[in-house]
*Asks:* 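I have a structure I would like to understand better, so I am pasting it below and will then ask my questions one at a time.
Just follow the structure's listing: the first ligand is 1, and inside any ligand the first atom is 1.
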Amino acid sequence: MCGIVGYIGHREAYPIILKGLKRLEYRGYDSAGIALYDGTDIKLSKTKGKVADLETKLEQEISTSGSLGIGHTRWATHGVPNDVNSHPHYSNSGDLVIIHNGIIENYESLKKELIKRGYTFKSDTDTEVLVNLIEDVKKNENTKLGKAVQIALNQVVGAYAIAVFDKNKPNEIVVARLGSPLAIGIGEDEFFIASDASPFIEYTKNAIYLEDEEMAVVRRHKGVKIRKIKDDSLVDPYVQALKLNLEQIEKGGYDHFMLKEIYEQPNAILDTFRGRLLTNEAIIKMAGVEDNMKKFLNANRIIVVACGTSWHAGLVSEYIFEDLARIPVEVEYASEFRYRNPIITENDVVIAISQSGETADTLAAIKLAKSKGAFVFGVCNVVGSSIARETHAGAYTHAGPEIGVASTKAFTTQITVLTLIALRLARAKGTISSSDYRHHLIELELIPAKVKKALESDAYVKTVAAIYKDVHNFLYLGRGYNFPVALEGALKLKEISYIHAEGYPAAEMKHGPIALIDENMPIVVIATKKGHYEKVVSNIQEIKSRKGKIIGIVTEGDQQVKALADHVIEVPETIESLTPLLTTIPLQLLSYHIALMLGKNVDQPRNLAKAVTVE
Ligand code: F6R
């Protein structure tokens, strides 16, 4: 986790770095800091808290001038969030200053060695160890900063994206990457460093994404020289043209990114379809699938690996793939899969789902599956992310940047992509009739408009939120395709409102959770017409007879549940496999409104970060 930003060029570095940190706060926000070179010395200010807290403190503490600087917004790993543990960190001499995203696993043994050599440490961080290791190498080997960084990193076990500079050589920044993302924006005689391209998008559309085990020396007026950290070989820089624009990463009139992203879903799903869903021709076109059709058709099974919300999308896909394409599916938490010695064969297709494309556990699961010969297909949102590059092939969700920490449009677009894949495979395998196939395509095409309709429940959802905002527990129930939606609804509520919530398959309720039900327990039940409706209605009866408060998510016009429930929120009708794309919407809105009414930080809930790049 953590966001890093750096600048070297002809402008004032401070405003660029500050704005960049604000854009990267989704990666961590428990402390922040900036170091600037003002022409004679390094000026550094850092603090526990958010970038806004840093801004106030920094402008009182130091001068903000200088055209070289680095900044950091932190998600604590080693050492509690406090001022001292915040980045940047100085080396003992005060000559070097560093920012770091990642974890140095062998920091304790390195620290012991450095202490023996007389180094002292102010913080509890692994990063301060790294900067002193670099300093130690630099002195002992009498080398330039770039070489010292390279030698030091060869002694390090762990993950990192770093940026470091030396006040005695204020014309260069040295950066390196292993396991954490790092982009270099190439401007007109200026360079930007960042965890992703959002901090520099208004200055340049040209960027280099460092690969794992690469480092670069970025020199004022001279350019970027990239090397492999291990063998010192030079790498030809590959400069990519960025498609991201500024509007996509700003709030666009909404109070929160989360709300903006909830409302973006009709368009995000349309973008996911674009060029792929050709309803009139009855064709689904996905290059990553077409090019690897044999692998998919010969697959004994599909193993889905993912975390959190992406794992929930994977669970929905289990129903879709098995139902439509008749391929057995296993859905695995990447964090469990990677340590379980799983049985994987060359005839397995592994689908890795990740919004950020940077989740450490998912990345490790992919590497494991590849090492066992499996074909790995990625479903990612962030273009050029580590997972997108590590997988053999893939399909982007094209949801646009998701900044709110709670995933919303990523979830629905992941389900959309997975549905398209399942339909394409079903067609190729002949497990779906042509009329059923066409029917699915037509229904799919109607989904963006239906999501828009589902969003019209917003005002009513808000009134329901006001009634239940002060409860301490929630239950979410669903069956079949909507069981994963129940899990997702509960996760959304937990993570942004800090109210305890559990998702359960509706029928499992009587095997335990039913004991929790009394007149104080709100239970959100997904009870759409398509999908075990009568069974779910029976579950609702069971809740009612125990006086539980029922919030039903129902199909438009439903009367039966309406007669039983305390509140009903309607979504348009669709075919069963597509109901998750609609039933999710009111659950996202419910968690948003409750969190807001409780005064929580909706976009940046405590303890979380957008990209979990540590295991
Ligand atoms: C929940 C949420 C997380 C992520 C999880 C995986 O709202 O955002 O549970 O879904 O950390 O992240 P990605 O999809 O980036 O791999």
*Asks:* Listed by chain and number, what are the side-chain contact (heavy atoms from CB on, under 4.5 Å) partners of Lys50, not counting sequence neighbours?
*Replies:* Glu25, Tyr29, Asp53, Asn601, Gln604
*Asks:* Is the charged tip of Lys251 near the ring of Phe257: under 6.0 Å from the six-membered ring centre and within 45° of its axis?
*Replies:* yes
*Asks:* Anything with a heavy atom under 4.0 Å from ligand 1 counts, so go ahead and list those protein residues by chain and number.
*Replies:* Cys307, Gly308, Thr309, Ser310, Ser354, Gln355, Ser356, Thr359, Val405, Ala406, Ser407, Leu491, Lys492, Glu495, Val612
*Asks:* Salt-bridge test for Glu332 and Arg340: reply yes if a basic N is under 4.0 Å from a carboxylate O, no otherwise.
*Replies:* yes
*Asks:* Heavy-atom distance under 4.5 Å between the side chains of Ile104 and Thr127, does that happen here?
*Replies:* no
*Asks:* Could you tabulate the donor-acceptor pairs under 3.5 Å formed by side-chain atoms of residues 462-470, not counting sequence neighbours?
*Replies:*
{"residue": "Thr463", "atom": "OG1", "partner": "Tyr460", "partner atom": "O", "Å": "2.5"}
{"residue": "Tyr468", "atom": "OH", "partner": "His567", "partner atom": "NE2", "Å": "2.7"}

*Asks:* Who are the side-chain hydrogen bond (donor to acceptor under 3.5 Å, both in side chains) partners of Glu358, not counting sequence neighbours?
*Replies:* Ser386
